[in-house]
Number of protein chains: 4
Amino acid sequence: MVNDSDKGTGRAARSKRTDARRNEQTLLDAAAAVFVASGVEAPVRDIAARAGVGMGTIYRHFPTRADLIIAVYRHQVEACAEAGPALLASSGTPHAALGQWINLFVDFLVTKHGLAAVLQSDNAGFDTLHAYFLDRLVPVCTQLLDAAAASGEIRSDLEAYELMRGVGNLCIGAESDPRYDARRLVELLIAGLRRPN
Amino acid sequence: MVNDSDKGTGRAARSKRTDARRNEQTLLDAAAAVFVASGVEAPVRDIAARAGVGMGTIYRHFPTRADLIIAVYRHQVEACAEAGPALLASSGTPHAALGQWINLFVDFLVTKHGLAAVLQSDNAGFDTLHAYFLDRLVPVCTQLLDAAAASGEIRSDLEAYELMRGVGNLCIGAESDPRYDARRLVELLIAGLRRPN
Amino acid sequence: MVNDSDKGTGRAARSKRTDARRNEQTLLDAAAAVFVASGVEAPVRDIAARAGVGMGTIYRHFPTRADLIIAVYRHQVEACAEAGPALLASSGTPHAALGQWINLFVDFLVTKHGLAAVLQSDNAGFDTLHAYFLDRLVPVCTQLLDAAAASGEIRSDLEAYELMRGVGNLCIGAESDPRYDARRLVELLIAGLRRPN
Amino acid sequence: MVNDSDKGTGRAARSKRTDARRNEQTLLDAAAAVFVASGVEAPVRDIAARAGVGMGTIYRHFPTRADLIIAVYRHQVEACAEAGPALLASSGTPHAALGQWINLFVDFLVTKHGLAAVLQSDNAGFDTLHAYFLDRLVPVCTQLLDAAAASGEIRSDLEAYELMRGVGNLCIGAESDPRYDARRLVELLIAGLRRPN
DNA sequence: GATGAATGAGTTTTCATTCAT
DNA sequence: TATGAATGAAAACTCATTCAT
């Protein structure tokens, strides 16, 4: 309310947009909550109910389920993407940076119920989601991998795509099983990359 | 029960039992074929159709889908289980034996369309399946792991259950993606186990 | 019940088939009734409710709406198809035969609420229906048209397909409008075919 | 409206009316374009988007879809209505005039994607549309029909309403089927009207 | 007046599972 | 025992229409 010096149509326009934005945030919150409770494949109707809106509203804001998931997790994906170069600059060695970065990625996947599973599903409806993840994170991972390979620390015959897919798979089902610690296994995987001196 | 040479109705009974067994084998063959074609979550109706029987017959022999999957793959699971001690005896080192055994396990999972995915699903209907796999294979894997740990080749802080679950996860979706080679990643994982000399 | 001398599995099999057939007839009757009341595009659920069965049952018997419509009207289509040659043999002139046959076709279309409309819809779901009608009736109509053309009674530049489509169109909406008599207009159309002596 | 640099309310009112008219024309153009592309049953949202206005604006100007269709095609309907007497005056015979007029009507219907179909729909929402067409064109057609009947050229037992409805029906689906030429069939219909000398 | 967000009924379709014959 | 017909819950998705801003 610092500035509400608008009048005429301006107010209407601004206020409409404000409301819609608020509503969208409500939707994202509700979706996030439902995703935690029932996984990212929860029925649209459940999310709508949780948000207290009609189903059509969900479809208006997020035409596909992938769009919704992306919106819900965008911040975290961005943070992960931006952390790549930063770690490379600050960590001791490229391999260490890679390990830390993968750790962030695991953090992300493991805490999102069912997201890892959906990342490997070949369901056509998730194409957008797949594309978003790959577009955003594969280049970052490639950079880290290249640096570590260039420094001679690791083998150079693994694509970022394959590594990320593997890490993603290792994270499937991790939340629900106390006897399974995805992070540990991912560490082994990264350790296994190291060039046998 | 070596001898159940019954007479009178007995002959009928024996023959009926024979028939039932024949029928069951038909079912298993059909299910295996459909699993290859459409994955282990194929509609029951398809399997029944392939076998030329009614759906009720499937349910009679295999009350749950898990029972059917177990029956279909039992032979291969048994073979895998039995290979453990054999490899330990014949391979150069325990770690090599472990690697070869895991390889067999990967062979198995990767060729069964969708089986790996179902192994990690937390769908209650698959409990029996999970239990069967774990009961049968975890002890074998434990033995290999213990031997390798005892020889000092690998770290000793990983449970067989966790390793197998990780390997299973790495195999998810491997058949359908040419850019993803599950076996490679599993090798990295096993390599990562090695104790840093 | 003239003959129920079946025993053993025979009875079960026969009785099952009998029941299914009875049920299918129930379905057809219900569908016919609903078609009359609400047109051939009535919701599947309505038909199921009318028949007192689940929706799945409709889908089992008739995978697409077109299949159901075909089944409901098959008898009448067949009768119409068979009447063609008969009329040609018994009527005074080929043109007269054509007129009478078209009349039968109109009888059929006009009494089926909404069927005519669906026959011209380009909805892909009705492809089977279109194909059935065309396959069955166009040849008959062609025969009548050819005979009348050969006798010099009518112009010879009109395809059976086009004529039938036109007749079909003229029948659209005829049931519900007392001021519109499709039959009269069809007569004009047929009269218009006559070669100007 | 040369000058709309208004201030003071009076001028504002005039200008508002001008704006509204301009807006309405934009709407009509957009609707016409969308009707051509997707038929007259296109979603309201599409039309609004095309016009660059909100959906509410469409509803304000044209409370029902029929109102919109009428507005879009009013000019052409008027032209058609006015052509009737003109043709009667200029053509050789009343029957020729009738044929030419019907031709104009067909021109109109055939080029409007889906309009013919909507003209026969018994959907209550189109009542206004039906009424408008009938009110405007039936009298014209009646005049032509009466003249031709009076001259002895044609039978006198057909109502204009019924004829126009028939012509409308014949035009259904004509744009999308190369094997179906509505104009030809309409010609047959008109030819069929001729009194058998 | 204009906007466009929200609503939610309505329809289709699929399959696991049961159970009468 | 075997059969397969019947069931009906579930879920996605679309759009006409309303109404707060």
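Only this structure's heavy atoms are used, side chains among them; waters, hydrogens and symmetry mates stay out. Quick note on labels: first sequence line is chain A, next is B, and so on, each numbered from 1.
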Show every donor-acceptor pair shorter than 3.5 Å between a side-chain atom in residues 43-57 of chain D and any protein atom, with sequence neighbours excluded, or say none if there are none.
none

NA contact type, A/G125, heavy-atom cut-off 4.0 Å: base, sugar-phosphate, or nothing?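 Here A/G125 touches no strand at all.
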
Please report, rounded to the nearest Å, how far the [atom2] atom of [N] is from the [atom1] atom of [X].
| X | N | atom1 | atom2 | value |
| --- | --- | --- | --- | --- |
| C/Q25 | F/dA6 | CD | P | 13 Å |
| B/I69 | E/dA16 | CD1 | P | 12 Å |
| B/D46 | F/dG4 | CG | P | 15 Å |
| A/L68 | F/dA12 | CG | P | 12 Å |
| B/L27 | F/dT3 | CG | C1' | 13 Å |
| B/I58 | F/dT1 | CD1 | P | 16 Å |
| C/F62 | E/dT12 | CZ | P | 16 Å |
| C/I47 | E/dT12 | CD1 | C1' | 13 Å |

Can you name the closest pair of heavy atoms from [X] and [Y] and give their distance?
| X | Y | answer |
| --- | --- | --- |
| D/A31 | D/V72 | CB-CG2, 3.8 Å |
| C/V36 | C/H113 | O-ND1, 3.2 Å |
| A/R65 | A/V40 | NH1-O, 3.0 Å |
| A/S176 | A/G173 | OG-O, 3.3 Å |

Please name all residues satisfying ring pair (Phe, Tyr, Trp, His ring centres under 6.0 Å) with A/F133, sequence neighbours left out, ordered by chain then number.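 Residues passing ring pair (Phe, Tyr, Trp, His ring centres under 6.0 Å) with A/F133: A/F108.
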
Position toward the 5' end of DNA chain F (nearest nucleotide), B/G54 or C/V53: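 Here B/G54 is the residue nearer the 5' end.
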
Residues forming a side-chain hydrogen bond (donor to acceptor under 3.5 Å, both in side chains) with C/T64, sequence neighbours excluded: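 By the side-chain hydrogen bond (donor to acceptor under 3.5 Å, both in side chains) rule, C/T64 matches C/D67.
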
Using a cut-off of less than 4.0 Å, is there contact between a side-chain N or O of C/H61 and OP1 or OP2 of F/dA6?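 Yes, such a contact exists.
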
Could you write out DNA chain F as a dot-bracket string, with dots for unpaired bases, | for bases paired across to another strand, and Watson-Crick or G-U pairs counted at under 3.5 Å? .||||||||||||||||||||

Tell me, please, whether A/Y132 has A/R74 positioned over its six-membered ring: NZ or CZ under 6.0 Å from the ring centre and within 45 degrees of its axis?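 Verdict for A/Y132: a cation-pi partner in A/R74.
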
Please list, pair by pair, any protein nitrogen or oxygen found under 3.5 Å from a nitrogen or oxygen in nucleotides 15-19 of chain F.
{"unit_1": "F/dA16", "atom_1": "OP2", "unit_2": "D/V44", "atom_2": "N", "d": "3.3"}

Only counting residues at least two apart or in another chain, list the ones meeting side-chain contact (heavy atoms from CB on, under 4.5 Å) with D/H130.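 Checked D/H130 against side-chain contact (heavy atoms from CB on, under 4.5 Å); matches are D/L119, D/F126, D/D127.
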
